[in-house]
Participant: 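Got a structure for you, questions after.
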There are 2 protein chains.
Amino acid sequence: MEHDIIKRLSQYKKILQKLQSLGLVRVFSDNLSDALGISSSLVRKDFATCNITGKRRGGYVVEELIERLNTLLGKDQEQQIIIVGCGKLGLALMNHKGFANDQIRVAAGFDVDPARINSDAPVPILPVDKLAAFIRNQGIQVALLTVPEDATLTMLEHLRQCGIHGILNFAAVPVKSTPDCHVQNVSLALEVEKLFYLIVSTAENANSEGIAS
Amino acid sequence: MEHDIIKRLSQYKKILQKLQSLGLVRVFSDNLSDALGISSSLVRKDFATCNITGKRRGGYVVEELIERLNTLLGKDQEQQIIIVGCGKLGLALMNHKGFANDQIRVAAGFDVDPARINSDAPVPILPVDKLAAFIRNQGIQVALLTVPEDATLTMLEHLRQCGIHGILNFAAVPVKSTPDCHVQNVSLALEVEKLFYLIVSTAENANSEGIAS
DNA sequence: TAGATTGTTAATCGATTAACAATC
DNA sequence: TAGATTGTTAATCGATTAACAATC
């Protein structure tokens, strides 16, 4: 899946930054494959896919690699996002450290509730009817959608019409991407369910192994 | 990947509940495959994997299917979780509607900051030194980890020692699972990065197609 | 019976890995 | 030169799909 390579590129970058801070100048595909628990072939293949080349015998130059990965991940410039729906979750994400650490800047929040509007805050919270103009003027491409469940589909459609190309959807109902609007569904309940399922199935395996032995 | 089948089981359940509310009594693998955008073979294979059988010609009984899926997903009983780290994100998750809708109950929050402690709240917020006893007494298996980045690894280790078997990790640094403690890494910055990457690569494809034609 | 749908096996597809020639 | 690591091709693996016999 295409998503997997993006994930790995990001992981490579994080590892490389640590290695760089330790003073390493070169890195080999074996180093990265060890760190990520994958084969060195895959590391080299990923780099080849991204037109990143190394030196036979000499490996890859850490600094060049980081710079190249940053460009690929769009980190050579600040990535602006907006948050649509400023309830508890929306507000929490507005101050999320992980975004700031990764060059992602929350340009504004939007809400229908007048009581939540505050256009003077460090990250302004604006009324939804300002959405279209803001997206156009600021060239916003990505929005986080944290409105209540029943407002999700309407707002999603609105965002699409405003020309948004990427949406991180926190609603429980998964939404499919369209050619001009990618949607990533983050369902926290689903992630929790996975954990319970994994715990139960691991326990069952342990049991049956116990019986077998 | 094993995760994918869990995701699909959860999706089947959601679709089935909608179909049931529309009055449908039976469902065919083609119905579900259409809804999920997968092949009907996969639907039948998933059910076979879970020892769910239908009737040749008659399909599957919606009610039985939902009940079976609920059991598989552990939804026949309430699933209790705790939230470790009650900053903005932790507090937002404490009231997350998606959890309540899916039979997931937040049993308590934990924090090191005395100012945040409130053992009388509907969902009590307790000091971290009560963690071990609480987990033991309440039989908690799953924790959401929403502490600051630099406290993540320490707290993770502590949770493992307390006998937690599943952790949803919101820190940027991915953590690997161990045999007795499954970790799901939810990196919101990574999800946003994926969106930007997808947008850029889609735009490039559109361009090159334009050139080619 | 004829028709439709499951359950299951074989085929396909894509992602990952192994292997190794090229070469620094 | 000898040794080590890349770049790339072939092999493997797992997940998904196609196909079809079984059967309701």
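The figures that follow rest on heavy atoms only: side chains count, while hydrogens, waters and symmetry mates do not. All chains are named by letter (A, B, ...) in the order of the sequence lines, taking the proteins before the strands, and each is independently numbered beginning at 1.
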Participant: Given atom CZ of R26(A) and atom P of dC24(C), what is their separation to the nearest angstrom?
Facilitator: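 That distance rounds to 14 Å.
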
Participant: Please tell me which of S29(B) and R8(A) maps to the more 5' nucleotide of DNA chain C, matching each residue to the nucleotide holding its nearest heavy atom.
Facilitator: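 Looking at the nearest nucleotide for each, S29(B) comes out on the 5' side.
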
Participant: For K7(A) and dT16(C), give me the distance from atom NZ to atom C1', rounded to whole Å.
Facilitator: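 These atoms are roughly 15 Å apart.
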
Participant: For DNA chain D, what dot-bracket results from Watson-Crick or G-U pairs at under 3.5 Å, with [ ] for crossers and | for inter-strand partners?
Facilitator: ..||||||||||||||||||||||

Participant: Applying the ring pair (Phe, Tyr, Trp, His ring centres under 6.0 Å) criterion to Y60(B), which one of F47(B), Y12(B), F28(B) satisfies it?
Facilitator: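 Result: among F47(B), Y12(B), F28(B), F47(B) is the only option passing the ring pair (Phe, Tyr, Trp, His ring centres under 6.0 Å) with Y60(B).
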
Participant: Say whether, by atom type as modelled, one donor and one acceptor occur between the side chain of T53(B) and the main chain of A48(B) under 3.5 angstrom.
Facilitator: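 Judged by distance alone, no pair lies under 3.5 Å.
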
Participant: To the nearest 0.5 Å, how far apart are CG in L93(A) and CG in L89(B)?
Facilitator: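 L93(A) CG to L89(B) CG: 6.5 Å, rounded to 0.5 Å.
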
Participant: Can you establish whether the number of heavy atoms outside K88(B) located under 6.0 Å from its atom NZ is more than 12?
Facilitator: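 Counting other residues, nucleotides and ligands, NZ of K88(B) stays at 12 neighbours or fewer.
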
Participant: Output the rounded distance in Å from NZ (K45(A)) to C1' (dT17(C)).
Facilitator: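 For the pair K45(A) NZ and dT17(C) C1', the rounded distance is 9 Å.
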
Participant: Are any of S39(B)'s side-chain N or O atoms less than 4.0 Å away from OP1 or OP2 of dT17(D)?
Facilitator: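 Result: yes.
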
Participant: Step by step, work out the side chain to side chain donor-acceptor pair (under 3.5 Å) result for N185(B) and N169(B).
Facilitator: CA-CA 5 Å; N185(B) 299 291; N169(B) 170 36; 2.8 Å; yes

Participant: Rounded to whole Å, how long is the line connecting atom CG of L32(A) with atom C1' of dT5(D)?
Facilitator: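 After rounding, the gap between these two atoms is 13 Å.
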
Participant: Would you kindly give the CG-to-C1' distance between D4(B) and dA15(C), to the nearest whole Å?
Facilitator: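 Rounded to whole Å, this separation is 13 Å.
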
Participant: Please confirm whether the backbone N or O of K45(B) pairs with a side-chain atom of T49(B), one donor and one acceptor, at under 3.5 Å?
Facilitator: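 Yes; at least one donor-acceptor contact below 3.5 Å.
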
Participant: So, do V128(B) and M155(B) sit near enough that their side-chain heavy atoms are less than 4.5 Å apart?
Facilitator: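 When only atoms from C-beta onward are counted, M155(B) and V128(B) do touch, with a gap below 4.5 Å.
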
Participant: Do Q79(B) and K75(B) meet the criterion of a side-chain donor-acceptor pair at a distance under 3.5 Å?
Facilitator: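 The criterion, which ignores hydrogens and geometry beyond distance, is satisfied for K75(B) and Q79(B).
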
Participant: CD/Q184(B) to CD/E191(A) distance, rounded to the nearest 0.5 angstrom?
Facilitator: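 The distance works out to 5.0 Å.
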
Participant: Could you state the atom-to-atom distance from CG of L36(B) to C1' of dT17(D) in whole Å?
Facilitator: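 Taking atom C1' of dT17(D) as the reference, CG of L36(B) is at 15 Å.
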
Participant: Roughly how many Å is it from CG in D34(A) to P in dT17(C), rounded to a whole number?
Facilitator: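 In whole Å, dT17(C) P and D34(A) CG are 12 Å from each other.
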
Participant: Which one, dC20(D), dT6(D), dT17(D), comes nearest to the side chain of I38(B)?
Facilitator: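 Looking only at heavy atoms from C-beta outward on I38(B), the closest nucleotide is dT17(D).
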
Participant: Select one nucleotide: of dG7(D), dT5(D), dT17(C), the one nearest the side-chain heavy atoms of R44(A).
Facilitator: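 The closest nucleotide is dG7(D).
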
Participant: Check DNA chain C against residues 51-67 of chain B and give the residues with a non-hydrogen atom under 4.0 Å, in numerical order.
Facilitator: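 Output list: T53(B), G54(B), K55(B), R56(B), R57(B), G59(B), Y60(B).
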
Participant: How many whole angstroms separate atom CG of D46(A) from atom C1' of dT6(D)?
Facilitator: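 D46(A) atom CG is separated from dT6(D) atom C1' by 15 Å.
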
